[in-house]
Amino acid sequence: MGRVYNFSAGPAVLPESVLKEAAAEMLDYKGTGMSVMEMSHRSKAYDEIIKTAEADLRDLMNIPDNYKVLFLQGGASQQFAMIPMNLMKNKVADYIVTGQWAKKAYQEAQKYGKANKIATSEDKTFSYIPDCSDLPISEDADYVYICENNTIYGTKFKELPNTKGKLLVADVSSCFLSEPVDVSKYGVIYGGVQKNIGPAGVVIVIIREDLITEDVLPGTPTMLQYKIHADADSLYNTPPAYGIYICGKVFKWIKEMGGLEAMKEHNEKKAKILYDFLDESKLFKGTVVKEDRSLMNVPFITGDAELDAKFVKAAEAAGFKNLKGHRSVGGMRASIYNAMPIDGVEALVAFMKKFEEENL
Ligand SMILES: *Cc1c(COP(=O)(O)O)cnc(C)c1O
């Protein structure tokens with residue numbers, strides 16, 4: 001069997017050229033006679049891998065010098081605790097709850113201080129992004145938290161919230177490197193890499209330097225202090241070394257593709273093919289308010305759970321994998337991350353058209 005079209009929300013499709021390169025280097029990385037998996041993270045060869053990865057990421061995202069880039073472990077979910085432990089100096093933070101991941105972060109923060117839910121779209125099953133132009137931001141909030149792209153529901157903040165001068169913290173797991181961002185607008189940007197960048201096991205945290213202090217909540221474990229990792233350039237302990245190596249290859253791939261502007265164009269083109277079809281289809285419909293649609297995760301339904309299941313099964317058989325919606329919402333979801341080729345989306349739409357003709 002050859003490669004399939006993998007629409008998984010994560011872990012997700014990676015560029016084929018990256019996988020081939022990694023395969024070619026598997027047994028002997030650049031004349032070292034060993035795999036990157038077998039290599040000391042303190043070796044010269046590995047030092048170059050992690051430094052180059054960071055430099056390429058800085059270049060791609062235009063990360064200002066007063067921000068640190070950390071390669072950590074524990075997934076995006078560990079940041080749900082690490083953020084309040086390190087940033088809740090006043091023990092107050094405001095959360096905008098636009099989906100399950102934001103909700104989990106909000107719930108976790110309640111363990112460490114007063115977390116306020118200042119806006120939510122839960123009233124309509126998270127199918128839109130609330131108006132965030134004039135929110136009741138807490139006077140003493142240490143930060144305002146968002147999940148910028150909602151992987152499960154398929155919504156995206158097209159405009160950042162007005163935080164009224166407070167620090168913005170964003171989970172960008174499922175839109176990382178999908179388009180240009182102005183890093184200076186954030187205090188912290190972080191994401192698990194398994195959606196758009198690399199293998200599970202790495203989380204990247206981009207954090208403004210002045211936020212990295214020893215003044216953390218009492219009892220914060222050493223491994224959960226940003227300062228420990230920042231001072232050691234992400235090598236305090238053994239990092240997720242092989243994962244970072246693959247991330248580095250994906251950064252190079254994005255650069256070759258033309259950087260984040262080009263990535264955005266590529267992603268808009270792909271998403272338009274699918275959304276245009278959903279808008280004209282008599283069988284399938286998108287579940288999200290048009291203005292808030294994600295470029296990365298596209299949920300859709302037929303309105304009939306049995307027909308949805310039939311579609312998912314037929315699609316699987318035809319080589320379109322992982323189209324089942326998240327277990328909490330049902331229906332279908334096509335995740336069309338950076339590495340999903342345009343051919344994949346075109347082929348999916350052709351398949352959906354055929355299914356529609358046969359089942360209407
Ligand atoms: C997948 C995902 C998470 C959880 O990531 P883990 O690495 O499994 O902890 C958190 N936030 C968003 C937006 C996600 O898409």
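First listed ligand is number 1; within each ligand, the first listed atom is number 1.
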Subject >> Ion pair check, E316 and K324, cut-off under 4.0 Å >> reply: no
Original post:
Considering only protein heavy atoms, which is closest to atom 11 (N) of ligand 1, and at what distance to one decimal place?
Top reply: D171 OD2, 2.6 Å
Subject >> Min heavy-atom dist G10 to ligand 1 below 4.0 Å >> reply: no
Original post:
What orientation do F355 and F311 show, parallel under 30°, tilted 30 to 60°, or perpendicular over 60°?
Top reply: perpendicular
Subject >> Distance-only N or O hit between ligand 1 and A76, under 3.5 Å >> reply: yes
Original post:
Under 4.0 Å between a Lys/Arg side-chain N and an Asp/Glu carboxylate O for E21 and K252?
Top reply: no
Original post:
Do any heavy atoms of S77 fall under 4.0 Å from ligand 1?
Top reply: yes
Original post:
Considering only heavy atoms of G75, which atoms of ligand 1 have at least one such atom less than 4.0 Å away?
Top reply: 7 (O), 9 (O)
Original post:
Between T151 and ligand 1, is there a nitrogen or oxygen pair with a distance under 3.5 Å?
Top reply: yes
Original post:
How are the rings of Y145 and Y190 set relative to one another: parallel (under 30°), tilted (30 to 60°) or perpendicular (over 60°)?
Top reply: tilted
Original post:
If you count the non-hydrogen atoms of other residues, nucleotides and ligands that lie under 6.0 Å from NZ in K111, is the total more than 12?
Top reply: no
Original post:
C147 heavy atoms, cut-off 4.0 Å: which ligand 1 atoms fall inside?
Top reply: 13 (C)
Subject >> Aromatic plane relationship, F300 with F284 - under 30° parallel, 30 to 60° tilted, over 60° perpendicular >> reply: perpendicular
Original post:
Out of curiosity, is Q194 lining ligand 1, as in a heavy atom under 4.0 Å away?
Top reply: yes
Original post:
Would the Y106 and F80 ring centres measure less than 6.0 Å apart?
Top reply: no
**OP:** Would you mind listing which atoms of ligand 1 come within a distance below 4.0 Å of any non-hydrogen atom of S173?
**Re:** 11 (N), 12 (C), 13 (C), 14 (C), 15 (O)
**OP:** Distance to 0.1 Å, residue and atom name: give those for the protein heavy atom nearest to atom 1 (C) of ligand 1.
**Re:** K195 NZ, 1.5 Å
